[in-house]
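Below, chain A is the first sequence line, B the second, and so on; all start at residue 1.
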2 protein chains.
Amino acid sequence: MLEQRNGRSAPPAPTPDSPAHRVPDATVNRLPIYLRCLGDVARSGANTISSERLAELAGVNAAKVRKDFSYLGSYGTRGVGYDVEFLVFQIRRQLGLTHDWPVIVVGAGNLGRALANNGGFGERGFPVTAIVDTDPSKYGDQVGEDLSVEPMAEVATIVSERDIRVGVIATPASVAQGVADQLCDAGVASILNFAPVVVTGPAHVRVRQVDLVSELQILSFYEEQDEGRLDAG
Amino acid sequence: MLEQRNGRSAPPAPTPDSPAHRVPDATVNRLPIYLRCLGDVARSGANTISSERLAELAGVNAAKVRKDFSYLGSYGTRGVGYDVEFLVFQIRRQLGLTHDWPVIVVGAGNLGRALANNGGFGERGFPVTAIVDTDPSKYGDQVGEDLSVEPMAEVATIVSERDIRVGVIATPASVAQGVADQLCDAGVASILNFAPVVVTGPAHVRVRQVDLVSELQILSFYEEQDEGRLDAG
DNA sequence: GGTTGTGAACAAATTCACAGCG
DNA sequence: CGCTGTGAATTTGTTCACAACC
């Protein structure tokens, strides 16, 4: 995945109850993983968790967990661990997940429908509120329980009326930048792009790329390493 | 997305025509992006490209492009740039993309079908050769042009007979680790996991996680930053 | 002139190791 | 004693800036 932030701009506003430190990007990237693991832990009934145990669940090491949380504040208890519920609250607050962020999916192909259908989005704070396409033959197609495909031409109205802040691009690469432009014009604050092309927007819009094939290609690199080792050894 | 390598083990085997440097992880993560951009450039008819121009396409800066390529060897020409075709060849070689890597998709839900259907995989070196599920009512369902859903119980046979090296997990979180275990037993070398849970395998199997909701949550963090800035300013 | 390739400077991230507290 | 929180050390990654070369 390629992260691409347009003009990160100023440091965060330190509030009385949060430390002045800027939370490092690497830490931000891990907070969602911790959050997910903590959800599982909470469901299992535990009230507290040690950095060691959480590290194991998240697939990182314990020092990293403690360091990461230290950027959010001192929320653990020495000799005991972290209070699960309180930690969840703090992470959610840091991530801006104190309220839902409605999402629009552009592109009603296989991937777009899969994303729109994916219950995990809504459960974890990102309800998919619209799915649009430019192909008239798809208009009205039912997607999941509550959605049907709407015309891309109405994107501006849809975004403003439903207070949508996040656009997900699941179109062919050839039209992705055009779609991004329309989403930006419509007023979304963030874009998650699944099309295999780098899209850009104005400085105030956050863009993240997810290229699924790149992930496989990266795996392939480390694969080859080992084969080389066998050949050489 | 969380990268998780189990036992990176030894340094690469330096071959006569490749430099002794170990290619840094950060560079490996970018090579697929460059490769994709170079494909677009080649299709546009250009024979050479400067680090400046490629940086623009890939959404990074030019120094980084040059540094990254310097780990692969000195393949540019001063005053001119890089030969597109030759560079593509070298990156593909580094990534181990000199041959295809057949893929099995586990989970014939929306996401699994979308992935199996996605032409981009096959075009870029990862032909999806099987899709399996545990739900008998899905067996035989047509997916894309050449695939139909097969029983998960046959995974061992399928993997060995079709020489599959990569498993993609597109199942609910609750069964993902079990699926990973079965894929490892069946002999895959790499796993790409879309289920929102960390899965692990033996040291020789590479695992990468892609959590789509985490990507949105990360965007949400940077969103909130700006709102904080407005409040404070 | 133009562009690469790369040491050196800098910045970010990780890990260590242990003091501090419950 | 157990576990967090964090400075310090280390490693990794990025950017600068310019010599080398076409």
Side-chain angles (χ1 to χ4, degrees), chain A residues 1-5 8 11-12 18-31 33-34 38 41 46-84 86-87 90-91 218, chain B residues 1-5 8 11-12 18-31 33-34 38 41 46-84 86-87 90-91 218:
Chain A
M1 138 193 14
L2 174 71
E3 186 189 357
Q4 180 198 6
R5 269 176 291 105
R8 166 62 165 317
S18 74
H21 304 122
R22 189 176 150 315
V23 181
D25 287 356
T27 295
V28 172
N29 290 337
R30 282 186 295 265
L31 290 179
I33 310 295
Y34 297 142
L38 289 168
V41 169
N47 293 321
T48 63
I49 188 165
S50 68
S51 59
E52 191 93 37
R53 175 77 184 116
L54 181 55
E56 193 183 326
L57 294 173
V60 303
N61 75 42
K64 201 180 273 181
V65 169
R66 293 201 297 279
K67 192 59 126 184
D68 283 341
F69 290 165
S70 79
Y71 295 116
L72 313 189
S74 294
Y75 296 139
T77 307
R78 291 162 205 245
V80 178
Y82 299 88
D83 182 273
V84 174
F86 187 61
L87 197 49
Q90 291 300 340
I91 296 175
I218 293 166
Chain B
M1 148 189 11
L2 173 71
E3 185 190 358
Q4 181 198 6
R5 270 176 291 107
R8 169 58 167 319
S18 74
H21 302 123
R22 184 177 153 318
V23 180
D25 287 356
T27 295
V28 172
N29 291 337
R30 282 186 294 265
L31 290 179
I33 310 295
Y34 297 142
L38 289 168
V41 170
N47 292 321
T48 64
I49 188 165
S50 67
S51 59
E52 190 94 37
R53 174 78 183 116
L54 181 53
E56 191 184 328
L57 294 173
V60 301
N61 75 41
K64 201 178 274 181
V65 169
R66 293 200 298 278
K67 192 63 128 181
D68 283 341
F69 290 166
S70 79
Y71 294 116
L72 314 189
S74 294
Y75 297 137
T77 308
R78 291 164 204 246
V80 178
Y82 298 89
D83 182 274
V84 174
F86 186 63
L87 197 50
Q90 291 300 340
I91 296 176
I218 293 165

Item to complete: Looking only at non-hydrogen atoms, find the nearest pair between B:Val28 and B:Val23 and report the distance.
Response: CG2-CG1, 3.8 Å
Discussion item. Heavy atoms only, 4.0 Å cut-off, all strands: where does B:Phe69 land among base, sugar-phosphate and nothing?
Written reply: nothing
Discussion item. The criterion is side chain to side chain donor-acceptor pair (under 3.5 Å); which residues satisfy it with A:Thr27, sequence neighbours excluded?
Written reply: A:Asp68
Response to the item:
All heavy atoms of B:Tyr71 vs all of B:Arg22, minimum pair found to be CD2-O, 4.4 Å
Practice prompt. Specify the residue among A:Ala26 and A:Val80 whose closest nucleotide of DNA chain C lies further upstream toward the 5′ end.
Written response: A:Ala26
Worksheet, complete the sentence: Residues of residues 48-57 of chain B with a heavy atom under 4.0 Å from any atom of DNA chain D, listed by number, are none
Worksheet item: Going by the salt bridge (charged side-chain N to carboxylate O under 4.0 Å, His left out) test, which pairs reach into residues 48-59 of chain B, not counting sequence neighbours?
Response: B:Arg53-B:Glu56
Worksheet item: On DNA chain D, nearest-nucleotide positions of A:Lys67 versus A:Gly81: which is more 5'?
Response: A:Gly81
Side-chain donor-acceptor contacts of residues 60-67 of chain B below 3.5 Å, not counting sequence neighbours, with atom names and distances?
from    : atom 1 : to      : atom 2 : distance (Å)
B:Asn61 : OD1    : B:Ala63 : N      : 3.1
B:Asn61 : OD1    : B:Lys64 : N      : 3.0
B:Arg66 : NH1    : B:Ser51 : OG     : 3.1

Practice prompt. Identify the 5'-most and 3'-most nucleotides of DNA chain C with at least one atom closer than 4.0 Å to a non-hydrogen atom of chain A.
Written response: C:dA13 to C:dG22
Practice prompt. Quick one: list whatever passes side chain to side chain contact (heavy atoms under 4.5 Å, CB included) with A:Asn47, sequence neighbours left out.
Written response: none
Practice prompt. Not counting sequence neighbours, which residues clear ring-ring contact (aromatic ring centres under 6.0 Å, His included) with B:Tyr34? List them please.
Written response: B:Phe69
Worksheet item: Under a criterion of less than 4.0 angstrom to any heavy atom of chain A, what are the 5'-terminal and 3'-terminal contacting nucleotides of DNA chain D?
Response: D:dG2 to D:dA8
Discussion item. With heavy-atom distances below 4.5 Å as the criterion, would you say the side chains of A:Thr77 and A:Asp83 are in contact?
Written reply: no
Fill in: Heavy-atom closest contact (B:Val41 atom, B:Val84 atom, distance)
CG1-CG2, 3.9 Å
Worksheet item: Under the side chain to side chain contact (heavy atoms under 4.5 Å, CB included) test, which residues partner A:Ala26, sequence neighbours left out?
Response: A:Arg30
